[in-house]
Amino acid sequence: MVQHKKVLGVWRLTALVIGNMVGSGLFLLPASLAGVGSISLLAWIVTGIGAICIALVFARLASIMPKVGGPYAYCHDSLGNFMGFQTAYNYWIYIWVGNTAIVITFVGYLGYFFPALAHNHRLWFIVAATTVWLITLINIKGVREASIFQLVTVILKITPILLVAIIGLSYINVNNFHAFNISGHSTFGALNTAATLTLWAFTGVESATVPAADVKNPQRAIAVATILGTLISATLYILSTIVLMGIIPMRQLAQSSAPFSDAAKIIFGEKAAVVITIAALISTLGALNGWTLLQGQVPFAAAKDKLFHHAFTKETKNGSPYVALIISAILITLLLLLNSGSLVTVFDFMISLAIIATLFVYFFSCVAQIKLMVTNSACFSKKHISRDVIICLLAMSYIIWAIIGSGWKIIADGVLLFLTGIPIYIWIYLSHKKRFQS
């Protein structure tokens, strides 16, 4: 294994968490939630509490076993090879499919300045694929370069967002919040719908746990960055939603394709739309960079344990898993090549798999902590064991609720994804049978 300098501290790790959680969703979610009504603000609270519990689970696991791969490492060490493989398999697919969606969103925002992108599919593909490979090259260069890029993009993107959110507080019309439930569903149904939407905002709470080999003082840094990044992201999302719903009438906001731009125009005038569009571009680019870092680390960690092909273990002299990064970029490029109006249904199907895949990963990670509490209780403070159990059970309860709320079709898709991994695992098991039996 390549020996390299640990370059990630608390602030770069926190930037990784914020950058992965605060992506394109920040610029689109307020409009989606407006279609439900101001009840969605309650959904933010429920989802925020659930996400913080999940973040605390990952923080505790990271303090016990700060290993490369984050959720994969926890599930592999606690639940065995099969669950370790399934966690890595589901999580890796979630990342590169999600990255495809992120780069599509990036090029969509870029179309504000270059309208030809909306009409010329070949040009659209070239720009999208070039973006993917440029970010991949930054990550191949090394974790240090990728983390610096992440820190810069996070600072650049949250500055205008905070400006709109804070100044926008004085423009709020409280009458807009009277549209409490306009979804057409019951109160519980509306809350459930909104909670499913807000869940997207909190995927990425585990980001700091994945590149553990590059972290200085990982037991402390990962835990602090996970909790801090989650709290900052939650605050940003909730404050932004309150301001946008308060400035723009609910039904009008629900029809907006660029809610932040609309709010910025009200506060600062027409030219503000350009600034918000640039912030959206930076936001999606930063999210793409952060998730690209993870999409190399997860298969790399699994390959070291002989659960993925050995080629994924290859590193540069700076410790970057370049083969894993290149293969992931190739898969994203293929998805981009296939993406067209006629294949939207197929793409939506893959995104639905990505949603349920990450929920399964979170659930397996909670199970891993429960098992550790039983089999290796010495790792946990006796003074705080009750607190850790309660937090873990709350996290699991929230995840189960989110899985059920996502709908039976998506659950079925997730089970199908799980089943597709079984023949791959059997092939790997037979290839390394002696090792698994030892």
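What you see is a predicted model; the values in this text were computed from it and never measured.
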Please give me the minimum heavy-atom distance between [X] and [Y], naming the atom from each residue.
X      : Y      : value
Leu33  : Thr241 : CD1-CG2, 4.2 Å
Ile370 : Met396 : CG1-SD, 4.1 Å
Leu13  : Ala208 : CD2-O, 3.8 Å
Leu307 : Gly84  : CD1-C, 4.3 Å
Thr230 : Val17  : N-CG1, 4.0 Å
Tyr89  : Leu417 : CE2-O, 3.6 Å

Test item: [X] and [Y] side chains (from C-beta on) under 4.5 Å apart, heavy atoms:
X      : Y      : value
Thr203 : Tyr362 : yes
Leu336 : Val103 : yes
Arg60  : Gln369 : yes
Trp401 : Val46  : yes
Asn289 : Thr153 : no
Met65  : Leu372 : yes
Tyr398 : Ile49  : no
Ser365 : Cys75  : yes

Checking the side chain of [X] only, and the main-chain atoms of [Y] only, is there a donor and an acceptor separated by less than 3.5 Å?
X      : Y      : result
Glu206 : Ala55  : no
Thr159 : Leu156 : no
Ser283 : Val22  : yes
Ser170 : Ile167 : yes
Ser40  : Val36  : no
Asn120 : Ala116 : no
Lys67  : Ala73  : no

Non-neighbouring partners of Ala223 that pass side-chain contact (heavy atoms from CB on, under 4.5 Å), sequence neighbours left out = Ala59
Listed by chain and number, what are the side-chain contact (heavy atoms from CB on, under 4.5 Å) partners of Ser328, not counting sequence neighbours?
-> Trp92, Gln295
May I ask you to check whether Tyr91 and Trp96 place their ring centers less than 6.0 Å from one another?
-> no
Nearest 0.5 Å please: distance from the [atom1] atom of [X] over to the [atom2] atom of [Y].
X      : Y      : atom1 : atom2 : value
Asp388 : Cys392 : CG    : SG    : 8.5 Å
Leu294 : Asn139 : CG    : CG    : 9.0 Å
Met373 : Ile64  : CE    : CD1   : 7.5 Å
Ile222 : Leu16  : CD1   : CG    : 10.5 Å
Leu79  : His76  : CG    : NE2   : 10.5 Å
Ile404 : Ile399 : CD1   : CD1   : 12.0 Å

From the options Ile18, Thr226, Ile52, select the one residue that forms a side chain to side chain contact (heavy atoms under 4.5 Å, CB included) with Leu231.
-> Ile52
Would you please name every residue forming a side chain to side chain donor-acceptor pair (under 3.5 Å) with Asn181, sequence neighbours left out?
-> Ser183
How would you list, by chain and number, every residue that makes a side chain to side chain donor-acceptor pair (under 3.5 Å) with Thr47, sequence neighbours excluded?
-> Thr198
Crowding at CH2, Trp133 (>12 non-hydrogen neighbours, <6.0 Å) = yes
Step through the shown structure and confirm whether more than 12 heavy atoms of other residues, nucleotides or ligands are within 6.0 Å of CZ on Phe114.
-> no
If we ignore angles and hydrogens, is there a donor and acceptor under 3.5 Å between the side chains of Tyr74 and Thr87?
-> no
Side chain to side chain contact (heavy atoms under 4.5 Å, CB included) assessment of Ile242 paired with Trp44 = CA-CA 10 Å; Ile242 290 172; Trp44 272 122; over 6 Å; no
Going through the checks in order, is the side chain to side chain contact (heavy atoms under 4.5 Å, CB included) test met by Ile172 and Phe177?
-> CA-CA 10 Å; Ile172 286 178; Phe177 297 108; 3.7 Å; yes
For Asn20 and Ser207, what are the C-alpha separation, side-chain angles and deciding distance, and is it a side-chain hydrogen bond (donor to acceptor under 3.5 Å, both in side chains)?
-> CA-CA 7 Å; Asn20 285 2; Ser207 298; 3.0 Å; yes
Using a 3.5 Å cut-off and no angle test, enumerate the donor-acceptor pairs between side-chain atoms of residues 245-252 and protein atoms at least two apart in sequence or in another chain.
none

Could you walk me through whether Tyr72 and Asp305 pass the side-chain hydrogen bond (donor to acceptor under 3.5 Å, both in side chains) test, one step at a time?
-> CA-CA 11 Å; Tyr72 156 72; Asp305 293 322; 2.6 Å; yes
Report the residues that fulfil ring-ring contact (aromatic ring centres under 6.0 Å, His included) with Phe82, sequence neighbours left out, ordered by chain and then residue number.
-> Phe418, Tyr425
Report the C-alpha separation of Asn99 and Thr292 in whole Å, then their side-chain angles, then the decisive distance to 0.1 Å, and conclude whether the side chain to side chain contact (heavy atoms under 4.5 Å, CB included) test is met.
-> CA-CA 7 Å; Asn99 275 350; Thr292 297; 3.7 Å; yes
Run the numbers on Leu285 and Thr131 for side chain to side chain contact (heavy atoms under 4.5 Å, CB included), then give the verdict.
-> CA-CA 9 Å; Leu285 206 58; Thr131 303; 3.8 Å; yes
